[in-house]
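Protein chains get the first letters and strands the later ones, always in sequence-line order, with residue 1 at the start of each.
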There are 2 protein chains.
Amino acid sequence: MDQSPPRNTSVTVADVAHKAGVSKATAARVLGGYGTVSDRVREVVTAAARALDYRPNEIARSMTTGRSGTIGVVVGDIENPFFSLAVRGITDVARQAGFTVILINSGEDVAAEKAAIRTLLAKRVDGLIVSPAKESEVEHLREASRSGLPLALLDRGSDTLDVDTVIADDRHAAEGITRRLVALGHRRIAYLTACDTPDHRFHTADDINTGSVRRRIEGFLGVCREAGLAEMEDWVHVGAVTSEHTRRIVTAMLQSAQRPTAIIASDSVIGLEVFKVHREFGLSIPEDLSLVSFHDADWTSVTTPPVTVVRQPVYGLGETAAKLLVARLNGNGGEANRIVLRTEVVDRASVADAPA
Amino acid sequence: MDQSPPRNTSVTVADVAHKAGVSKATAARVLGGYGTVSDRVREVVTAAARALDYRPNEIARSMTTGRSGTIGVVVGDIENPFFSLAVRGITDVARQAGFTVILINSGEDVAAEKAAIRTLLAKRVDGLIVSPAKESEVEHLREASRSGLPLALLDRGSDTLDVDTVIADDRHAAEGITRRLVALGHRRIAYLTACDTPDHRFHTADDINTGSVRRRIEGFLGVCREAGLAEMEDWVHVGAVTSEHTRRIVTAMLQSAQRPTAIIASDSVIGLEVFKVHREFGLSIPEDLSLVSFHDADWTSVTTPPVTVVRQPVYGLGETAAKLLVARLNGNGGEANRIVLRTEVVDRASVADAPA
DNA sequence: TTTTAGATTGAGACCGGTCTCAATAATGGA
DNA sequence: TCCATTATTGAGACCGGTCTCAATCTAAAA
């Protein structure tokens, strides 16, 4: 009795209309909530729909309206706490605005990113939020945008792409912490990032395709130059793409005769690895080595000593990007917005004077 | 010259067919990759499609095939590293199998979960992976499953739902660590979980609606009983839903005359908060307090001391659930699979003899 | 009471694919 | 060379909604 027949074939407006004894058009009107219907008919149709357990088919609806009610999100890696928090911001806004989110990881690989965009385009998403793997390769994004699809860039911008962009003031943040380290007497300051170059070595900031990281490195190098430190390019290390890579790089660094007295980690995953390795070397932070990490990850406050970090408004990054996109989706036109959210240095105890 | 006209109206198979000088049916055949076409025609159509920059419309395709190529994923909170890692496992498998993922957070709220299911049903997802907020309220899931939609449960099962389920051996894990604590002389052992009850107090394991947590508590209480410890129900604390709640509960606990000598944290977010609070009290782990946390979060290995944890195969949980779902989607029938993945205790340094 | 603007309702086209079925062309065996 | 098969192709229905337009109805205005 409680087991209704397993209906493999779903009930449609036509079914409801038939049961209610009205035309398909009328049933569609009350079910779809548009047009004008008499109260009596509305009741009959509603009752029929309930009796039949009618479920609207969004696919069919999208077919005619041209809107899918979904937004596509392409991030590097949802497993990274940075992105998972940003995505939380996006989904919260999207849900509230009546949109649903299709999530795809690019693994920071441009080819995968292109494939993702293609898939999303085929699914006819109403809008796109992307954290581009490479600023230098955004043709696929430009094309999507030019075809009229609203696009918002997350955490990484592109000068050549005139679309809504939400980033953090990475350069400023990097300048701040570098200045601080220099003031404390540090001269051998290493900057460590997951971004890679073809030969896995750093030459100039232009080699760095990830906008946010490039700006940080430019800030870092700029301040070093001001302070009269030469050839600090040699202290920028790229390719910390996995914890194994990071471990290898940090190990080489700490074993070197010219061991750095301070390390700036470009994200919390790298920062964590640096922290792990420094202990294996029996070094102590901050006496032997100062450490600053980007991203105020949860672990940074419970280590001994706790780690000084650049706190980025990660949730806000996603939230803002989604809000801009939703505004576009609601027809708000106008110039592309380029929003820069403020970061903040959270002073803890991993930074001190350079060892004598 | 390089700026192709911004086509607001997308090109369809009919357009391609017209340009290629063939019928819509024929163009559709080569574009859709089905049926049989002569090589000559294939070439002409392909060329026309390229010239027009034809992009298939998945929505329209779904309309006739009845398959959307998407799977819906409902988790508590993507921001939680547990879920973000599991989702990574899901998306990896889904992508490989040609499916796209629609992600919705339930916030561990049944009403939100129901709404999510409804949305996903309307979007005509091909399958569903859900981490149910409450085992006691799964009617909406049962209904979805009964209507023929493949469903896989993640991390939390339901005896009354006969669907593919992937969980960890939570009871066994809880028994193991409890036994260990008891053997070290602990008698005042607190178990702390985010799951809540109507009156925010724990009475019996049946009050706990989250399957994984209930099994852990049953394991915990079972071992305590074996060891002759009475009324350990009083040591189970529920409602650590936010860090503020957790902080309040832990603070009360540590201030009490009957201060626990060991705490078991039901997830890493709670474990982190316990770690933070214990320090503010000037207590030291493990001398004054032993701590064990579920989920081998990254921070647990870098604290001083590092924290002993129950390592769950989180990525594997998501991966396996997705694989089971994909198998169903490919038509594999048969009994519902109930897979239990093994956990492992990672012994670090936060557990020691109970203080005298 | 007749006229008429406005409210309701029904028919049917349409969105952009897939797919069936019949018609036509090409190939092979007797 | 003729007929049976098989390969290609075109027409048009269909999926489940939305939406336009014309027809019918209702009630207020004259």
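Scanning for side-chain contact (heavy atoms from CB on, under 4.5 Å) contacts around A:V22 gives A:A17, A:A20, A:T26, A:A27, A:V41, A:V45, with sequence neighbours left out. For A:K19, the salt bridge (charged side-chain N to carboxylate O under 4.0 Å, His left out) criterion is met by no residue, not counting sequence neighbours. By the side-chain contact (heavy atoms from CB on, under 4.5 Å) test, A:E43 pairs with no residue at all, sequence neighbours left out.
At whole-Å resolution of the value, CZ in B:R67 and P in C:dG16 are 23 Å apart. Per the geometry, CG belonging to A:N57 stands 18 Å off P belonging to C:dC15, to the nearest Å. For B:E43 and D:dT8, the CD to P distance is 14 Å, given to the nearest whole Å. One atom, CZ of A:R124, and another, P of D:dG17, lie 21 Å apart when rounded to the nearest Å. Distance, A:R61 CZ to D:dG17 C1': 8 Å, rounded to whole Å.
Side-chain polar atoms of A:S136 and A:N209 form a donor-acceptor pair below 3.5 angstrom.
Residue-to-nucleotide contacts include no donor-acceptor pair under 3.5 Å from the side chain of B:K24 to the base of D:dG10.
Counting heavy atoms from C-beta outward, B:I102 and B:I71 have side chains that stay 4.5 Å or more apart.
If one axis is set at each end of the helix from C:dT1-D:dA30 to C:dA30-D:dT1 from five pairs, those axes are 40° apart, to 10°.
Here B:R156 pairs with B:E108 in a salt bridge; the nearest charged N to carboxylate O distance falls below 4.0 Å. Using a 4.0 Å cut-off between a side-chain N of Lys or Arg and a carboxylate O of Asp or Glu, B:R55 and A:E143 qualify as a salt bridge.
Between A:L31 and B:A60, the residue whose closest nucleotide on DNA chain D is further toward the 5' end is B:A60. Along DNA chain D, the nucleotide closest to B:M63 and the one closest to A:A25 are compared, and the more 5′ of them pairs with B:M63.
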Polar atom pairs (N or O), protein with nucleotides 6-9 of chain C, under 3.5 Å:
{"from": "C:dT8", "atom 1": "OP2", "to": "A:T36", "atom 2": "OG1", "distance (Å)": "2.7"}
{"from": "C:dT9", "atom 1": "OP1", "to": "A:S38", "atom 2": "OG", "distance (Å)": "2.8"}
{"from": "C:dT9", "atom 1": "OP2", "to": "A:S38", "atom 2": "N", "distance (Å)": "2.9"}
{"from": "C:dT9", "atom 1": "OP2", "to": "A:S38", "atom 2": "OG", "distance (Å)": "3.4"}

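In this model, the phosphate group of C:dC19 is not approached by any side-chain N or O of B:Y34 to a distance below 4.0 Å at OP1 or OP2.
None of A:V73, A:V75, A:L154, A:L151 except one satisfies the side-chain contact (heavy atoms from CB on, under 4.5 Å) rule with A:V130; the exception is A:L151.
The list of side chain to side chain donor-acceptor pair (under 3.5 Å) pairs with a residue in residues 316-330 of chain B, not counting sequence neighbours, reads B:D164-B:R328.
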